[in-house]
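All residue numbers in this chain count up from 1 along the given sequence.
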Amino acid sequence: MTEVLVFAKFVQATEKIDADLLLRLASNRCVWGTPGAYKGRGAPCKHGHKFKLNDPETWTEVTETLLC
């Protein structure tokens with residue numbers, strides 16, 4: 001399952017900078033995935049899958065690992 005995470009505005013503001021970023025986030029921070037397709041009833045979803053940094057049950061399967 002590939003999930004695109006929607007990050008906070010401070011991350012989106014730096015996406016066009018041609019440099020790598022090393023960010024430190026609070027351990028209780030939540031980020032949200034892309035919402036699913038509109039189902040035709042009510043307001044469209046604003047958020048998708050919830051990814052909470054300090055809750056391993058919300059993490060998706062690891063697809064890549066970096067060892068330094």
For T65, enumerate each residue passing the side chain to side chain contact (heavy atoms under 4.5 Å, CB included) test, keeping only those at least two apart in sequence or located in another chain. V62, L67
Taken to the nearest 0.5 Å, the spacing of D55 CG from S27 OG works out to 11.5 Å
Got a second to check how far K52's NZ is from T58's OG1, nearest 0.5 Å? 8.0 Å
Does any non-hydrogen side-chain atom of P35 lie less than 4.5 Å from one of H47? no
Distance in Å, L53 CG paired with N28 CG, rounded so as to fall on 0.5 Å steps: 8.5 Å
Pair W32, F51 - check side chain to side chain contact (heavy atoms under 4.5 Å, CB included), show working. CA-CA 6 Å; W32 302 89; F51 181 89; over 6 Å; no
